[in-house]
Structure formats: C-alpha cells, structure tokens
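Take a look at the structure set out below.
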Amino acid sequence: MNKPMLQVNNITKQFPGVKALDRVSIDLYEGEVLCIAGENGAGKSTLIKILSGVFMLDEGEIILNDEKVNIKNPLTAIELGFSVVYQEHRLINNLTVAENIYFGRFPMKRGFVDYRKLNDDAQQILNRLGMNIRASELVSSLGSSQSQMVEIAKALSVGAKIMILDEPSAAITDSELEKLFEIIKDLKSEGQSFIYISHRLKELFEIGDRVAVLKDGKLVGVEKVSDIDTKKIISMMVGRDLGEVYRPKDREIKEEVLRVENLTNDIVHDCSFTVRAGEIVGFSGLVGSGRSELAESVFGYRKRRAGDIFVDGRKVRIRTPKDAIANGMGFITEDRKTTGVILNKSVAVNTTFAILDKLSRAGFVNTREEKVLVDNYIKKLKIKTPSDKQEAQFLSGGNQQKVILAKWLLTESKFLICDEPTKGIDVGTKQEFYNILDDLARQGIAIMLISSELPEIVGLSNRVYVMQEGRIVKELMEDEISEETITTYSMHEME
Amino acid sequence: MKIKNTFMNLIGNNDPASKFNRKKMLTTLSPVIGLVALFILASSLSNVFLTASNLTNVLRQVSVLGFAALGMTIVIITGNIDLSIIGNVSMSTTLVAVLLQNGWDVVPMILVVLLASSTIGLLNGLIISYFKIESFVITMGMQVVCFGLSLFIAGGRTVIVDNLAPFMLNLASNKLGMIPVMFIILLGFYTVFYIFTKKTKMGRYIYALGGNEEVSYVSGVNVTIVRTTAYILSGLMAGVAGIFTFSRSLCGDPAAGSALGMYVVAAVVIGGTKMSGGRGSVLFTIIGILIIGIINNTLNLVGFEYYAQQIIQGLIIIFAVVISSKKRR
Amino acid sequence: MKIKNTFMNLIGNNDPASKFNRKKMLTTLSPVIGLVALFILASSLSNVFLTASNLTNVLRQVSVLGFAALGMTIVIITGNIDLSIIGNVSMSTTLVAVLLQNGWDVVPMILVVLLASSTIGLLNGLIISYFKIESFVITMGMQVVCFGLSLFIAGGRTVIVDNLAPFMLNLASNKLGMIPVMFIILLGFYTVFYIFTKKTKMGRYIYALGGNEEVSYVSGVNVTIVRTTAYILSGLMAGVAGIFTFSRSLCGDPAAGSALGMYVVAAVVIGGTKMSGGRGSVLFTIIGILIIGIINNTLNLVGFEYYAQQIIQGLIIIFAVVISSKKRR
Amino acid sequence: AKEAEPTSTTGEDFLIGISQPFMGHPIRQAGTVLINAWLEEHPDVEVMVTDGQLNAAKQIADIEDMITKKVDIILVAAHQSPTLVGVLREAKAAGIPVIAFDRTLTDPSVQVGMVVNDDYAAGASAAQLLVDKLGGKGNIVVLQGPAGNTTVTLRQDGFLSVVNKYPDIKIVDDQVANFQRVQAVDVFENILQANPDIDGIYCHNDEMALGCVKVLKDAGITDIITVGIDGQKDALEAIMAGDYYGTIRKVVEFPAALDMALEYLKTGKTTSMNYLDSIPITKENVEQYYDPDAVF
Ligand SMILES: Nc1ncnc2c1ncn2[C@@H]1O[C@H](COP(=O)(O)OP(=O)(O)OP(=O)(O)O)[C@@H](O)[C@H]1O
Ligand SMILES: Nc1ncnc2c1ncn2[C@@H]1O[C@H](COP(=O)(O)OP(=O)(O)OP(=O)(O)O)[C@@H](O)[C@H]1O
Ligand SMILES: [Mg+2]
Ligand SMILES: [Mg+2]
C-alpha cells in the first residue's frame, strides 16, 4: 500500500440550492475496501455518481493510475474499470436475470447472443451468492431484496478493478451479507479495490480497511478501521454522541388491534398473527421469506385467496389500500420508487399526500396548515432539502425515505405497518425514528415492524414472528428474542 | 419582486429565493419565449399580422382548439391521453345542430350536449381503469365510435339549422372591445381549471396519478375515480368545443372535429406539459394554442406554396417542442 | 413438452418450468384467442368470408399495414412512438411513382426510396435522442413534413406511371398457391425482425431501452444509437410499405399513407405490445394486422351502413385491446 | 410569394383571394397551373391561395385571414358549403365580393357570381350513363367519397334521383372509399367477394373508379360497367383503352373564375352566372376531350 491507484482531488459538485460536494479529496489503494459514511444527504452517492460518469464534476480532478482521467459518461467509467451498484434499484424488469447480469457484455456466438453460455455463467454467479433463483427468470418476478442481490451479482460479474457498492445491504439480511463479504474478501486478495457505503456501521468494521466520513459535502476525515470504533464514527458523522440507541421496552400492552387468520395467496401461506395496542411486533426472515408480501396482503395491496382480518375484534373487508386506511391502517412500504414517493412531486405534496382528506375544506387544500405540518417533519426527521417545494427526485435516497416516514406518521393510524422503514437512513435519524415509534406505541398504536436489520428487530420488538417461505414458523416472546434465536428459526429447515 | 413572486406562484413555484428556481423558471418560461419569437417573426413576415383585426381573428380561431386542448391537458397530466376528443367534438357539433333544428331551446340543448360528451369521457375513464389498459388505443377506438355516432346523428350529411336563436347566431362573432367573447369564455375556463388543478384535493390527485399511480393507490386514493374525473372533464370540454364549433360555422358538420386533428396534443406539449404525466400546467396550454394559431395564420398571410406550408408547419411544431422541452440529463 | 418449450421460446420466455408461465402464456395468447373469435364471427356473418379467394384478399390487404406495423412495433418496444410512418409511406409511394415515371430501373429506385424513408427515421431518432423529448409530437410534426414532401414530390397530383416494368406490375398480384407473394415477403420480414429482436445484441438493447432507459445508459449502452436504429428500421419499413402501396394501385397518391391512419398503432397494441415499452413481440403484431384486416373485410362483406361500420369498428378495436391486455394488479 | 399592399391604391393592383378546399387532388393542382398561367398575363394581379386541408374550420379561418388581409375579392370552392355561410357574410359586410367556383354556396346572396360544376347534375348524368348502358336493369355498387362531405352528398343525391326511377336497378352495396384510389382497391376487392353478380359500378370520382378498374383487370373481369365523375386525363386514357366505361366531365374553373373576378373588380358587374355543363364522356366522344398536354 504505497501509491494510491485512484486519487480524487478537491472535487466540488454544486446542485441548484445545494453544494453536494465541497473540495473532497479521497485516495483508494489497490486491494483495499474504503468505506464511506455520513448522514443522509452528505454527498456519498454524488461522489460515486461522479466516479461512474452519471454526473460531471464542477471542479477538481480524478487521477487513476497516475493519469488524469475525464469521466464524461458511464461508458468511460466502465472502460476505465469501475463497476457500480447504485443505491436506487437499477435493473431492467423486462429482461431475464441473466441478461441483466451481463447487460452490455452479452457473450456472442456467430453474431447472436449465446444464451446457453449467458445463462450458465449467470447461474454460477447466482449460486456463488447463494441465491435460490433461476438465471432465466424475468427480473419483474423478483422481490425487491432479490433484485438487489442480482444487482450485486451484476457488479461482481464484471470483475472490475474498482467496485463501488452504494448501500448494497439496505434490506438484505445477514446471511446474504455474509456471502457478499466472503466474495469481497476473495476478490480483495486478488487485488481488486472496493468503495463501500452503508449506514449499518457494524458492517464497516467487518469489511472495511479505512473509513472516510462526509458531512454536508465536506470530508471530515479518513481513519483506519483498526484505529476507531462506532462511537467515534458517529461523532464524526453527527458531530455529537448519540447515547443509547434503543429505549427500554416497558410499554403498556393493551387490547388486540389486529388479528389475521389463515391468510393465504400465491406467496403467503396460512399466516395467522395478532398485533395489540402499545405493542411493536417484529417480522423476521430471510430475503424472499414473504414478509413484505404478508404486509401487502393485509393492507389490501395484494390479492388474498383466503383468510380473515379483524380490526378491534370486528371482521373487516379489506380489498384495496383505501379499505385498509379507512380501517385505521398505515403502511410504510418497502420500495421507495414504486410505492413510496412520487418522484416529480415536491416534498410537501408527498408528505401530506395521505392526509389530504383531513387537510382540505370544501375540496380545497389548506396550504397554510400544510406548510406547518411539513416544516415540522422536515425539522423532526432532519430532512435535508432546500425547501418543501423541492421535488423528491432531487433528494438523496435516505431523505426520500424520511419523506415516506413523515407521510405515514402524519396519518396517525392506529395500526402502522413499517416495511424496512429505516432503509438507507443514517444513524442519527434512525434513533429519532425509533423514539417516535416507541412514543407511538406508548400512545396505544399497534405496530408491525418488518426489518432485515436484526438489531432493530431485537431492540424494538415486544414479540417477533419468524417467517420462512411464506409461512410463519415461529412466534418469539419478548424474553426469547435475540439475534441468535431469530437466525436459528429463519434458517431452520422445514421438513 | 412582488410581481416575480406572483409569477412564480403562477407557475407553481413558491420558492423564489433559490438559484435552482431561476433555472426552472427559465425552462418553464421557454414556451413563452417561443411565442414571443414567433410573434416577432410573424410581424416581420407580414405587415397585416399586427393589425387589431387580425389579432382578433387569431384569438377567435384558436378558441375551439383551446377548449379541446384544456381537456387534453388534464388527461395528459394524469399520464394518459384522450384521442377521442376529436370524435367527441364532431359528435357534439352535430348534436347541437340536430337539437336546435328540432326546435330545442339553447339551455336544455347545452345541457344535453354536455351530458352526452361527458358520458363519452366517463366511458373512456371506466374502461381504461377497469381493464387497466393503455389509453391510446382505447380512446382511438372511441374516436371512431364517436365519428360513427356523429354520422348517425347527422344522418350522414351536414345539418343545416333554419331559425337560429340570436344567442347561437352571435356566439362566435360577439366581441368585448377587440377580444372575442369566445376567447374570454375560454380564459374563464382556463382560470377555473387552473385553480382546480393547483388548489383542490382532486387536482393534486390528478397530478399525483400522472406522477406515480402506484403511490396514489397505496395511499388510499381511488385511482379509478381520479382518472375518470379527468376523462369526464375532457369529454365536457369536447362538448363545449363542439358548441363553439357549431357557433363558428352555424351548421353541424359530422367531420367537424377532424380539423383539430393533431393540434390538440401538439398544443398541450408545446405548452410544456409532459406526456409522461405529472408535470405541466393548464395555463401554459394557452401559449401552445396561440403558437399553433399564429403559425397557421401567418402561413396564410404570407402565402407560401401549399406544400411548403405543410413542411414549414411541421418544422415549426418540431422546433416549438424542442424549445419547450429541456434536456433531462 | 418439446412443442410447448418451442412455443414458450417463441413468445419470448425461456423458462418453461415456472408456475407463472402458464398464466403468462394465457395472457400472451389472448390476441390469438381474439383472432380466432373474430374469425368465427366473420364466417358466421358472411358465407363468403371463408372462401379461399376472400382469404387471399385479406392477406393482400393487410400486407401494407403489416410492413408499417412491423416498424412501429420496434419503435414501440423502445418505449417511443412513430407517428411519422403514415407520412413516410405517402412520401415513399410518390417517390416510387416519380422515379419510375422518370425511367429509373427497379433496383436503384428501391434503393433510393429506402434511403429516403430511412433518413426520415434517422432524423426522428436523432432529434428525439439529442433533445431528449417525447417522440409523440416530434414524429407528428415529421408526419406533416412528410406529407408536405410527398405533395412536393408528386406535384400535388396522383402520379401516373406509363411503362411499368413487369416486376412492379405484378408485385401485388403474384401468388404462391393461394398466398399472395406480398404476404410471404411480409412473413419473411417478420421472421428476420423476430430473430433480430430476440437473438441479437441490438435487439436486446431495443427491449432494454423500453424497459429502463436509465439502466441502459449507466450500463454503458449508447441509447442514442439504439433508439435511432429503431427509428431507422421503422423508416425503412415505411419505405417498403410505400413500395407495396404503389404496387397495389400502380400510381403515386400523395395521401396514400393516410389510409393506414390509426390502424398501425392499433395493430401493434392489439398484438399485445405495450406502449409503455419493453414488452411485446413483433410476431404478435401479425395477429394484430390480421384482426384489423378481418374487421374491415367483414364490414365490407356484410355491408352495414357506413356510420354503423364506424361504430362497430371502434367497438371491436376497443374490445380487441381489452382482450389482449391483462389486469396488472 | 410576395405580400401585396392591403388595399389597391392606384386602382390598378388587385389582390385576389382563392380559397381551395384541399390541394391534394389533381384538379386543384391543375387549377394552380392554370392560375399561374393567367397571372403571367395579368401582372397587375396577385393572388393569395389557401389550402383548407379538407376541413371546414381551417377554411373558415382561411377566409377570415383573407378578410383581415383585405383582399379585393374572394374566390371560394367550399369544402362544406353550409359551414361557410357565416364567414362569407362577414366578408360581404367587410365589403369584399365573393365568387363561388367549383361548388355552389348554401347562401347565394353573398356571391356576385359563380363558375361552378353542378355536382347534383353530374351524379344524375353518371346515373343515366350507367343505366342506359345496363339497359335499365342490373346490380350496381356505389363507392362514395368522405362521409358527410357536401360534394359527396350532391353526387349521391343526383345519382339516386335517376336510379330510383328504375325499379330493376338494384344497389347491392354502397361503401365509402374516401375519394382515394388505394382505398377503393381494398374496398372493391371485398365487395367483389360478397357480390359476384355485379353489373355496374358508380364511383363518386375517377380516382376511385380507376381503383376499381384495376381490381377488375387483375381479376380478368370484363363485363362490369364502371362509371365515375371528373374526366381526369388518365381516366380518359383508360376509357380510350376500353378499361373504363365512362365519366362525367368536370371543368377546371380557371381561368374563367379569374376572368369573372377581374371583370367584377374593374366594372362592378359580372356577365354570367353559369353552371358548367356536366358532359358524359365515353369511348364514342373521348377523342374530342382528350388532350395529351392537359394539366388535368
Ligand atoms: N440530481 C440532484 N439535483 C439536485 N440536488 C441533488 C441531486 N442529487 C443529489 N442532490 C442533493 O445533493 C446532496 C447530496 O446527495 P447524495 O445523494 O450524494 O447524498 P448521500 O450521502 O448519498 O445520502 P443518502 O445517505 O441519503 O443516500 C443532497 O442534499 C441532495 O438533496
Ligand atoms: N411482483 C412479484 N411477482 C411475482 N413474485 C414476486 C413478486 N414480488 C415478490 N415475489 C416473490 O415473493 C417472494 C418473497 O419476496 P420478497 O423478497 O419481497 O420477500 P420478503 O420476505 O419481503 O423479503 P424482503 O423484505 O427482504 O424483500 C419471492 O419468492 C419473490 O420471488
Ligand atoms: Mg446516497
Ligand atoms: Mg420485503
């Protein structure tokens, strides 16, 4: 590790109203994993997109192997040896998994795409990642975590000199992550370099060599992982100490709010569970275990073939999300882009979108009242945006997620489903959100929490249901909840 | 500053402070710039163009297009399209003629025509929502149906009305100063629709539907109602356009709507509304119809060869769309 | 099982094992079901329909539409649309006539016509890609330009050709058994395009562009080239359609393309290709053109009143699209 | 084209507005050629020609534009006559005289003269031509122009007024082919399938008739009588060749209409208000009307 292979010198990137990067300089050495940490909107993804040719830099230079390079579009970046997993999902739905993995690099035979080789090669990579899907399947039939894994497979298959992973672990579980880390370690020993971004700080210590911390577009510092601890990183990121992340769970649990009996459809089988007022109930399982599908089915977003839903002891008819909302439910969905935010609408419009009924008089939206509510949440969740009129597509991923949280928190539902609610959110806001959830529970709200981040489930839940292949296989009581028990039941082979 | 603020409000932007918005303002304003450029070009090409009577003319000529394009804008904002409008205008025009011919009074005639035209919109909305199909071919099919209906209503030929009520007789020719009353009514409709789309709950839902239908659905919005509302409004405006088409020619031509042809969508897009949905503003469609009206007027005044007229017209439409769009990346 | 596999491959599905595919097969097949239903309906409405000579007729009549719709399918798969086709067909038809009239040989004539029609496609592709604008209004403007050009080329009249080469004279009437040679050539084109879209790199990029342009871009694919290729192919097919349009009437009518009107897009969508891009198959467009051809043929055979023909035609198109779509949710 | 002064100052320069319903038809193009030739001889006159593009609203706007441009006189061939009543009254009110060419106006009170073909009479002549040839009995097929069009209505009504007098003439099919040759080919092929025993065809214009002639020729059918209207050059050639039975001669109204306009502008009077005759042309008299250099 003497000479850096990649040098980023004094890079500045200005967006209208935001300086996303402000004279940032970072080096990357051969065979190292450089982690980047920072709050939402700190500029991490912007840095990556400059390296990958999606954005042009305003000032500064990029030096690769002692040569100044001008990365003017993604093709140049690819040719220079970068491969990227972007934070937003980027797959082509109407092509197969294999075609996506080798997109732009199809194996050819006599002028035609060699599908046999394509599928075989792709299948090998998938198997190596421990993924239980066929390479010839269409991407549109995958769940969101599975497609995230396919993206990782796509980036890995390139064998690029520098691999950039922007929050690859959001919404994938520990077992998949383990496979990913194994592969990274292998490749690293072959001299490949990595830039790795994650809000799960634990991972940085597992895989990283050095950590660079960004704050408000400026580089705060670069440290060797061996020299620091989580606390230090957090104080570099946030500028202060966070203290205890999780509050004690001594909530007062009252009457049952939601009961689901024998819910069944194509993906979920015979699921029964209850959630009570004042209780946070965790749902755990591997990628593809059907947690999101269960939530969607309860909420009327996905068709049910059988099963009954009871709210406050009364059997209710829920066939569309509208019915669910009318019965006091709220649903923080998993997929930001498809069901989360309206990208070309403003922060304000997105935030109040589910409560327009309450917010309008005689059909007219009360914009004054709206602004108060929105500004309040912008402050509370530290949504980084130039104004409440900014379109959601110009926010960083984590800040978009915060808008979704705000939107559903505003509905004041008595039963709130949270599917990967902290996906892509920085540690500071996560803690704030945990406190909000805890407050809600204490006010008597019933909460269903789906998360692939085990500490979150363990730290918040009063009870946990473990799912496997669309079935609830275990209910864990508060004193049984631990990362070990959950993992055991998630992996346990069913006969 | 006050004026600028009001303007920014008008184009739906309440945050004049940031640098970003100046850029945004520029791109939003580009249709206006296009209009001004065309205006200057037109007056330099023909010394008649800037005469009051010619401008009055242009305003009258664009009005029917304006009503149709208003409805189209709403539908396009939802991310759909309504090709049935031109059939619906034909149908409404012949219906006006036949009802008047049969001695109906103006008010009940208007009510029946608007009811009929809105029903076409209702059907569009329901079919598209219920079967979840793309609006293009459905409304295209509905256009053919409407055209058949208008031939049926008219008995296959242009309907002549004998004793016209003075109201209908003068509807198109009345003026307030130099401004045709038709155009003032048009502005009234645009104002109402502007307030409707920007200030009401349903207006928000219409934009949101075009932005992301799934989000609307998950957020508990009845997307069928929203889409159908947009189509009903579009049908309604086709009916209004039909009434004014009649008032222009004072007879019921079963092919009346075909004159609008491709201009309706062109006006909307030139006004900066994106066909992908969720973006744009009804107000700017006025710019779109004016641009189209001025192109046609100027081509007549200058008197190019007829084939050159077509070529120039096509090129200017392409050019206008290019100007009113901005680079995405 | 082997047959099923081959079929699944045909409809673009390489994964016959999964459960999803039976359902998918059904929805993909629905255009075929629609065609069969229409076939039965047509033969029960008219006892002439099923005669060999009538079926030959239908095949000949759909051929021109088939060429145009083939190009349109490619463009629609990329998530764009090409309304210039009908102008381009007119332009090509008149160009064929004028060149032949001026004594050109068949081969150089064909080359020049295809070059001209592809150039229109090239321009479409470049303008849309470079300015990143929606294809609808651009190609609509180009349609008007093409109409102007075809009036210019033809000098405003139908161009009559005096001494036609036998090749051109018999192009439309030649048959192989009962099958018109035109239709066989059409099938040849469809086969080539099918293989092109499904098996070649560029073909897959065309699908990918319609699926997600952003991903294509960040994966290093030159989206401008892909889109422009699609438009060039579409222009090329418009040229071929123009040559065959000429061969049908043996004269160059400057409005020839307008007969295709809305049928081109309708055929593509009825064939199950989605206007949102990325989904569909050129092969199924054949079903679409056959459905349209049979509707028109049957309406003529049965001889309804013209207004009723329009209404029925519109309703059947709506119905066919409904059948060929499936519920998304 | 250069722009003329809005009003003639010297009393010598004239601006004549010519509102065409559509420019894509051979007869319109022939008109343009004849207009240009006439203009060569009349350097003191300029014209403003507009193209109604087959739609009524466009033609109304065209005439409004002529009024604002203060043309000295308007020559108009209506796409849909009734639709022009209002705007032509406006022209009259603005002091601009109107001359109808090619087609009659619904409200003749606005015109100072006309040079028109009588479409009703043309339809009737065509019918007579066909009926006579068929000996007063047989199955016939009609191909119409665009539905709702005034010309179409008149050519159809005129035709029916004669045919209805012959109980043994049966109209077995009546379809629309929009005046287009290409469409007529498709439509007539289909009709021929359903009606094998056709004796005669009436088409609203020569273009469609020539489409039918081509279909018949391809099918090797020689005993079906085809009749159309217009008398365009290639129709006459087909008549000479024996492929096409007969047509009704339509006269291009230029330069007659321009002469009438100029006369009115100079003298304030027009000498004649005439219908051009509807002369049937068949193999017998075709030589008389055929001109190899004709523009139409
Ligand atoms: N296309 C854009 N237009 C305008 N502003 C942008 C754009 N992309 C990013 N920004 C702004 O730049 C800043 C940095 O964004 P970036 O996406 O790099 O953050 P990040 O560190 O990746 O955050 P996160 O952890 O939430 O993903 C944010 O304030 C964001 O709002
Ligand atoms: N749109 C879809 N169409 C078909 N199958 C789907 C679809 N979405 C998900 N599935 C299937 O449902 C199963 C579960 O999906 P998913 O990965 O979302 O589960 P999950 O438990 O919610 O996991 P995670 O929350 O980590 O994504 C998978 O087998 C997936 O293939
Ligand atoms: Mg980011
Ligand atoms: Mg999930």
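Lettering follows sequence order; numbering is per chain, from 1. Below, each value reflects all heavy atoms present in this structure, side chains not excepted, and no hydrogens, waters or symmetry copies.
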Calculate, to the nearest 0.5 Å, the distance between atoms NZ and CG belonging to K69(D) and N57(B) respectively.
13.0 Å
Among C251(B), A172(B), G293(B), which residue has the highest count of heavy-atom pairs closer than 4.5 Å to chain D?
C251(B)
Got a second to check how far L301(B)'s CG is from D62(D)'s CG, nearest 0.5 Å?
10.5 Å
Which bit of Q156(D) is near chain B, if near means a heavy-atom gap under 4.5 Å: side chain, backbone, both or neither?
neither
If you count heavy-atom pairs within less than 4.5 Å of chain B, which of Q53(D), M66(D), Q20(D) leads?
Q53(D)
Among residues 81-105 of chain D, those lying within the under-4.5 Å heavy-atom range of chain B are P82(D), T83(D), E90(D)
Mind checking what makes salt bridge (Lys or Arg N to Asp or Glu O under 4.0 Å) contact with R248(B), not counting sequence neighbours?
E64(D)
Would you check if there is a donor-acceptor pair between the side chains of Q61(B) and D65(D) at a distance under 3.5 Å?
yes
Under a 4.5 Å heavy-atom cutoff, which of V49(D), D157(D), T150(D) has the most pairs with chain B?
D157(D)
Pick whichever of A57(D), A147(D), G52(D), G17(D) has the most heavy-atom pairs under 4.5 Å with chain B.
A147(D)
Do N300(B) and M48(D) pass the side-chain contact (heavy atoms from CB on, under 4.5 Å) test, and can you show the C-alpha distance, the side-chain angles, and the key distance before you say yes or no?
CA-CA 8 Å; N300(B) 273 340; M48(D) 164 181 181; 4.2 Å; yes
Based on non-hydrogen pairs under 4.5 Å, which of D253(B), L299(B), L250(B) is most in contact with chain D?
D253(B)
Report, as yes or no, whether the 6.0 Å neighbourhood of atom CG on N102(B) holds more than 12 heavy atoms from other residues, nucleotides or ligands.
yes
